[in-house]
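The chains referred to below are lettered A, B, ... by the order of the sequence lines, with proteins before strands, and numbering in each begins at 1.
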Number of protein chains: 2
Amino acid sequence: MTAEARILVVEDEEPLRMALVDALRAEGFEVLEAADGEAGLALALAEGPDVVLLDLMLPKRDGFSVLRALRKDRVDALVLILSARGEEWDRVQGFEYGADDYVVKPFSIRELLLRVRAALRRGDRGVPGLQLDPGRVRVGAALVDFAAYTAERTDGGEQVGLSRKELDLLRYFLSREGEVLDRATLLNEVWGRDDFPSTRTVDMHVLKLRRKLEPDPEQPRHLLTVHGVGYRFDRRGSEG
Amino acid sequence: MTAEARILVVEDEEPLRMALVDALRAEGFEVLEAADGEAGLALALAEGPDVVLLDLMLPKRDGFSVLRALRKDRVDALVLILSARGEEWDRVQGFEYGADDYVVKPFSIRELLLRVRAALRRGDRGVPGLQLDPGRVRVGAALVDFAAYTAERTDGGEQVGLSRKELDLLRYFLSREGEVLDRATLLNEVWGRDDFPSTRTVDMHVLKLRRKLEPDPEQPRHLLTVHGVGYRFDRRGSEG
DNA sequence: CGCGCCTTGACACCGCGTTGACAGACCCGG
DNA sequence: CCGGGTCTGTCAACGCGGTGTCAAGGCGCG
């Protein structure tokens with residue numbers, strides 16, 4: 001699996017669309033984009049994305065029409081409506097064309113990402129083809145719950161909380177399991193392009209993850225150091 | 001068991017009813033439907049569904065009357081009231097007709113499904129007969145009575161009143177137990193789309209709930225803070 | 001008109017992210 | 001096999017943003 005999920009952004013306002021696309025790409029999603037309803041519908045039908053972020057007010061074809069057409073043609077993507085606070089919303093909530101969630105404009109990117117992840121986690125519509133992030137992931141002896149921000153060690157039975165950054169980092173390691181990732185890559189992909197912390201910060205967070213996930217943090221089995229290069233993640237635990 | 005559960009939808013507005021029926025069928029439920037109170041009651045008595053989604057404003061016989069008749073005849077289905085935000089709800093809570101939950105219109109399908117699942121989970125004690133949710137929920141050492149707007153602490157013995165907003169918030173936490181909910185989501189789902197208070201309001205209400213429910217409000221066991229993200233609810237109380 | 005609840009701003013406090021320092025580990029060349 | 005240089009593990013401390021809490025204001029409800 002190369003990307004966590006494929007997401008189609010249908011939004012006509014250029015700055016907002018670009019912001020969304022950038023943020024989603026930075027999170028490791030594969031992103032498609034369209035600036036009007038017709039293009040969005042066509043792209044969705046052609047590419048079959050996992051998630052569609054759908055604005056309501058669109059040129060050529062409004063969001064409702066697009067959504068109706070999608071459901072009619074059995075596109076089983078998770079659809080998140082991006083709506084301005086207003087009367088259209090009554091229609092959405094009232095009888096529901098089959099949207100999975102809605103986000104009221106203006107929203108923060110962080111909130112949107114939370115919603116997208118929640119939708120993916122939920123993605124339990126019984127539709128084949130959607131084998132997405134199941135919300136809870138086993139890492140050796142630890143069970144990580146991304147929805148609850150917790151990890152439980154099945155050996156010692158302790159349940160500990162994980163911070164946002166720790167989960168972000170772990171999520172990225174999971175998405176590129178087995179690859180050796182250097183610190184610069186991790187900083188770019190997990191911290192983003194706005195922050196430029198030192199590389200020691202990465203070490204620190206790896207340390208914290210080891211303490212919470214590894215049975216013996218001094219003998220890591222999952223978060224492995226590759227001297228002179230970076231870190232490699234192995235979910236199962238390479239050695240005894 | 002062929003279907004997860006049998007659900008009766010009693011709702012006179014055609015588009016909404018059809019949307020509900022479709023969504024529930026898509027989720028694997030077996031669905032019965034009725035467009036007015038009399039038909040709904042008759043169907044419930046004849047078929048004995050597991051869950052009833054009951055509108056309040058109905059032709060021929062209103063929802064309260066239907067609910068009363070159901071309980072009188074010992075129909076032990078889980079009943080979810082579909083109600084507009086308003087004074088009718090006070091009557092539901094005040095008179096304790098035996099509803100298991102309520103959903104405020106307008107609602108999203110997703111929200112409704114969560115509530116239905118939560119109700120099924122709660123009500124599924126595997127015991128036939130009248131094993132109804134008494135409208136009282138235990139949260140650790142506290143016993144919350146949704147009908148009476150009160151909470152009693154079984155350790156300290158104090159009985160305190162809860163305001164409507166506090167109960168709304170608690171109810172939402174209960175419906176999504178274990179998930180970390182960010183403040184924007186809480187504002188959207190609990191406060192609704194008409195007013196948009198600041199996020200500090202959420203903190204304030206969490207504080208008030210802690211004081212009334214937690215044995216030691218400064219060391220919360222049930223309403224947990226996840227720094228930089230939001231709050232997570234845990235009914236049992238994770239730690240000692 | 002009074003009461004209670006919701007809401008908000010203020011302020012103190014706390015947790016997390018971040019960093020520099022230092023010791024130990026590792027690699028490579030000699 | 002040894003030594004120097006570099007990289008990594010770990011700690012303690014700092015600063016910022018997020019959160020707990022209070023008290024005052026406002027609003028609706030009775």
Legend entry - Result of checking A:Val116, A:Leu82, A:Leu114 against A:Val103 for side-chain contact (heavy atoms from CB on, under 4.5 Å):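 By the side-chain contact (heavy atoms from CB on, under 4.5 Å) criterion, A:Val103 pairs with just one of A:Val116, A:Leu82, A:Leu114: A:Leu82.
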Distance check needed: [N] [atom2] versus [X] [atom1], whole Å only.
X        : N      : atom1 : atom2 : result
A:Tyr149 : C:dC16 : OH    : P     : 13 Å
A:Leu187 : C:dG17 : CG    : C1'   : 13 Å
B:Leu169 : C:dC5  : CG    : P     : 16 Å
B:Asp168 : C:dC5  : CG    : P     : 14 Å
B:Leu224 : C:dG15 : CG    : P     : 14 Å
A:Asp195 : C:dT19 : CG    : C1'   : 14 Å
B:Lys165 : C:dT7  : NZ    : C1'   : 11 Å

Legend entry - Residue pair A:Val51, A:Arg6: steps toward the side chain to side chain contact (heavy atoms under 4.5 Å, CB included) verdict: CA-CA 6 Å; A:Val51 179; A:Arg6 302 206 315 153; over 6 Å; no
Inset, instruction - Go through the steps for B:Val79 and B:Ile81 under the test side chain to side chain contact (heavy atoms under 4.5 Å, CB included), then give the verdict. - result: CA-CA 6 Å; B:Val79 176; B:Ile81 297 291; 4.3 Å; yes
Legend entry - Salt-bridge present (A:Arg153, A:Glu158; N to O < 4.0 Å): no
Is the phosphate of [N] approached by [X] (side-chain N or O, under 4.0 Å from OP1 or OP2)?
X        : N      : answer
A:Lys208 : C:dC16 : no
A:His205 : C:dC16 : no
A:Thr201 : C:dG17 : no
B:Trp191 : C:dC6  : no
A:Ser198 : C:dT19 : yes

Inset, instruction - Identify which one of B:Glu214, B:Arg232, B:Glu177, B:Arg235 satisfies the side-chain hydrogen bond (donor to acceptor under 3.5 Å, both in side chains) criterion when paired with B:His222. - result: B:Glu214
Inset, instruction - Would you mind telling me which of A:Arg211, A:Lys212, A:Arg171 makes a salt bridge (Lys or Arg N to Asp or Glu O under 4.0 Å) with A:Glu166? - result: A:Lys212
Inset, instruction - Tell me, with the steps shown, if A:Arg200 and A:Asp203 meet salt bridge (Lys or Arg N to Asp or Glu O under 4.0 Å). - result: CA-CA 5 Å; A:Arg200 320 276 39 252; A:Asp203 301 9; 2.4 Å; yes
Legend entry - Bend angle of the helix from C:dC1-D:dG30 to C:dG30-D:dC1, end axes from five pairs each (to 10°):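 Taking the rotation axis at each end, their angle is 40°.
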Legend entry - Residue closer to the 5' end of DNA chain C, A:Thr199 versus B:Pro197 (nearest nucleotide):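 By nearest-heavy-atom nucleotide position, the 5'-most residue is B:Pro197.
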Legend entry - B:Pro59: partners by side chain to side chain contact (heavy atoms under 4.5 Å, CB included), with sequence neighbours left out: B:Asp12, B:Asp36
Inset, instruction - Would you mind building the protein contact string for nucleotides 17-30 of chain D? One character per nucleotide, 5' to 3', B for base within reach (heavy atoms under 4.0 Å), S for sugar-phosphate only, - for untouched. - result: BSSBBBB-------
Inset, instruction - Using distance alone, with no hydrogens and no angle criterion, decide if B:Thr201 and B:Arg183 have a side-chain donor and acceptor under 3.5 Å apart. - result: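 No, no side-chain donor-acceptor pair sits under 3.5 Å.
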